[in-house]
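Scroll down for the structure; my scribbles are underneath it.
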Amino acid sequence: MDKNQLLEQFKQVFGVAGQRVYFSPGRINIIGEYTDFNGGNVFPCAISLGTYGAYAPRTDNQIRLYSANMKGDDIESFEIGDLEPETEAKSKWINYFKGMVVQLLQHGYKFDHGFDLLVHGNLPYGAGLSSSASIELLMGYILKHEFNLDIEQIELVKLGQKVENNFVGLNSGIMDQFAVGMGKKDNAILLDTNTMEYHYYPLALNDYTVVIMNTNKEHSLIDSKYNERRAQNEEAVRRLQTVLDIKALGDLDEDTFDQYTYLIHDDILIRRARHVVIENQRTLKAKQALLDQDLEKLGRLINASHVSLQYDYEVTGEELDTLASTAWEQPGVLGARMIGGGFGGSAIAIVKKDQVAAFEKNVGDTYKQKIGYAAEFYDAEIVDGPHEVN
């Protein structure tokens with residue numbers, strides 16, 4: 001997205017010149033789905049689709065926001081010190097920005113003036129590529145940079161999760177904010193969400209690339225069964241804790257889980273927990289496959305992740321299943337699976353570079369024929385976390 005165009009649009013909207021432009025990426029997750037709030041491992045990376053913000057300071061205490069992606073031309077505003085979430089439907093989108101201000105205020109940071117901010121994202125809306133985390137970390141980075149806040153990036157990541165949990169109302173784990181905030185060019189991040197230990201691993205796919213497949217079925221995790229799945233996992237842990245000394249499902253290996261499933265004694269809870277336990281181990285195996293340059297094994301693990309999410313965790317749906325299963329049938333494909341919260345959103349495929357055009361046409365044609373409307377495909381680069389655009 002062109003920096004000068006954003007600054008020109010900023011001047012048209014606010015009537016003054018914008019001073020700086022910032023960018024915050026979206027994310028994909030190679031493998032490790034629904035493990036982040038279960039104390040498990042995830043393997044995400046930041047992508048070149050994301051959210052841009054053009055900024056200029058004000059002399060009063062007003063924070064004014066304009067979204068170039070929203071229909072209409074309303075400028076939303078709030079006062080520094082206003083700690084309540086917006087409840088009107090047309091204004092709820094600003095809670096991702098306002099929430100970060102509130103979190104920093106509550107942690108003792110000060111803001112001595114307001115500002116104008118124009119935001120423009122090129123993440124497809126509702127695609128499950130973490131537009132919310134992208135916005136939260138965009139705002140966090142801008143506040144840190146513009147107000148010279150003495151705060152580590154990892155702390156902004158944690159505050160971003162608090163915004164999601166406490167201000168917006170989604171009981172999510174930390175993967176999305178971590179992947180966005182700590183992204184590193186051409187690397188995936190193996191994060192142990194139990195210990196917060198993390199390591200970067202080059203995403204060396206050689207002749208292959210990651211293709212993002214958007215179902216174009218919007219999803220809202222707050223309205224989906226996301227929170228229900230979390231509650232089911234927590235109930236399974238409570239039952240296992242009657243005998244086992246564990247904090248979360250991420251503490252279990254497959255053998256231990258297998259030996260103690262009798263404690264759960266519920267078909268649905270067993271399937272939900274089984275996905276998490278095996279997916280956690282799958283993620284570690286995927287890291288090793290990448291290190292060994294065994295890309296075929298990486299692909300099989302990615303496929304297995306989707307099957308587990310489809311049958312044990314039940315968060316896929318016809319659209320995502322169609323994309324994944326059709327992708328599996330294409331030449332030059334190592335693996336494919338849904339990513340994110342599911343119930344719509346996106347999937348990824350690892351595709352041989354010289355087969356991408358044919359892959360997108362074949363999968364797109366089959367999807368449209370079966371689902372009735374088109375999917376979209378994106379080739380994204382793996383990039384750094386939030387930064388100023390120079």
Side-chain angles (χ1 to χ4, degrees), residues 26-47 128-130 133 172-176 178-180 182-184 186-194 197-206 208-213 229 233 248-250 252-254 272-313 315-316 320-321 323-325 327-328 333-342 345-351 380 382:
R27 70 95 190 92
I28 57 173
N29 188 26
I30 302 301
I31 197 166
E33 217 64 75
Y34 278 97
T35 52
D36 62 337
F37 59 68
N38 285 296
N41 294 277
V42 292
F43 206 23
C45 46
I47 58 173
L129 302 176
S130 286
S172 65
I174 200 166
M175 177 185 71
D176 291 354
F178 194 96
V180 169
M182 305 297 288
K184 183 178 178 182
D186 297 330
N187 281 257
I189 316 167
L190 184 71
L191 168 67
D192 183 334
T193 62
N194 186 38
E197 289 185 24
Y198 64 96
H199 299 277
Y200 293 101
Y201 293 95
L203 194 59
L205 298 177
N206 301 334
Y208 292 84
T209 189
V210 179
V211 176
I212 300 169
M213 307 179 285
R229 291 296 182 276
N233 289 150
L249 291 171
L252 298 171
D253 59 28
E254 295 170 57
R272 303 295 188 254
R274 182 169 60 211
H275 163 73
V276 173
V277 173
I278 298 178
E279 180 79 351
N280 188 35
Q281 300 303 311
R282 217 179 266 128
T283 303
L284 296 175
K285 293 172 184 175
K287 179 264 295 186
Q288 192 58 48
L290 198 60
L291 288 175
D292 295 341
Q293 278 293 284
D294 190 345
L295 297 182
E296 290 190 358
K297 183 175 182 180
L298 176 66
R300 292 194 299 272
L301 290 164
I302 287 171
N303 292 344
S305 174
H306 185 91
V307 172
S308 181
L309 288 157
Q310 179 178 357
Y311 290 100
D312 275 351
Y313 221 64
V315 293
T316 56
L320 287 165
D321 292 336
L323 286 177
S325 61
W328 296 336
V333 173
L334 290 177
R337 72 176 197 89
M338 64 150 273
I339 59 171
S346 296
I348 58 168
I350 311 297
V351 185
I382 310 305

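Nothing here was measured: the structure is a model prediction, and the numbers come from that model.
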So, do [X] and [Y] sit near enough that their side-chain heavy atoms are less than 4.5 Å apart?
{"X": "Cys45", "Y": "Ile28", "result": "yes"}
{"X": "Met175", "Y": "Thr35", "result": "no"}
{"X": "Tyr313", "Y": "Arg229", "result": "yes"}
{"X": "Gln310", "Y": "Leu320", "result": "no"}
{"X": "Ile350", "Y": "Leu295", "result": "no"}
{"X": "Asn29", "Y": "Ile348", "result": "no"}
{"X": "Leu290", "Y": "Leu203", "result": "yes"}
{"X": "Asn41", "Y": "Glu197", "result": "no"}

Between Ile31 and the options Leu301, Val42, Leu284, Ile339, the side chain to side chain contact (heavy atoms under 4.5 Å, CB included) test singles out Leu301
Out of curiosity, [X] [atom1] to [Y] [atom2], how far, rounded to the nearest 0.5 Å?
{"X": "Thr193", "Y": "Phe178", "atom1": "OG1", "atom2": "CZ", "value": "10.5 Å"}
{"X": "Leu334", "Y": "Leu298", "atom1": "CG", "atom2": "CG", "value": "7.5 Å"}
{"X": "Ser346", "Y": "Leu323", "atom1": "OG", "atom2": "CG", "value": "8.5 Å"}
{"X": "Arg272", "Y": "Leu249", "atom1": "CZ", "atom2": "CG", "value": "13.0 Å"}
{"X": "Lys287", "Y": "His199", "atom1": "NZ", "atom2": "NE2", "value": "8.0 Å"}

Short question: side chain of [X], backbone of [Y] - any donor-acceptor pair under 3.5 Å?
{"X": "His275", "Y": "Glu33", "result": "yes"}
{"X": "Gln293", "Y": "Ala204", "result": "yes"}
{"X": "Arg337", "Y": "Ile30", "result": "yes"}

Does a donor on one side chain and an acceptor on the other come within less than 3.5 Å for Asp321 and Thr316? yes
Would Ser130 and Asp176 count as having a side-chain donor-acceptor pair, cut-off 3.5 Å? yes
Heavy-atom pair with the smallest gap, counting every atom of [X] and [Y]:
{"X": "Tyr34", "Y": "Leu309", "value": "CD1-CD2, 4.0 Å"}
{"X": "Glu279", "Y": "Gly32", "value": "OE2-N, 3.1 Å"}
{"X": "Asn187", "Y": "Tyr201", "value": "OD1-C, 3.3 Å"}
{"X": "Met182", "Y": "Tyr200", "value": "O-OH, 2.7 Å"}
{"X": "Phe43", "Y": "Ala188", "value": "CE1-CB, 3.8 Å"}
{"X": "Ala46", "Y": "Gly183", "value": "CB-CA, 3.9 Å"}

With sequence neighbours left out, write down each residue that passes side-chain contact (heavy atoms from CB on, under 4.5 Å) with Ile278, or none if nothing qualifies. Glu254, Arg274, Arg282
Output, in order, the C-alpha distance, side-chain angles, deciding distance and verdict of side-chain contact (heavy atoms from CB on, under 4.5 Å) for Leu205 and Val210. CA-CA 9 Å; Leu205 298 177; Val210 179; 3.7 Å; yes
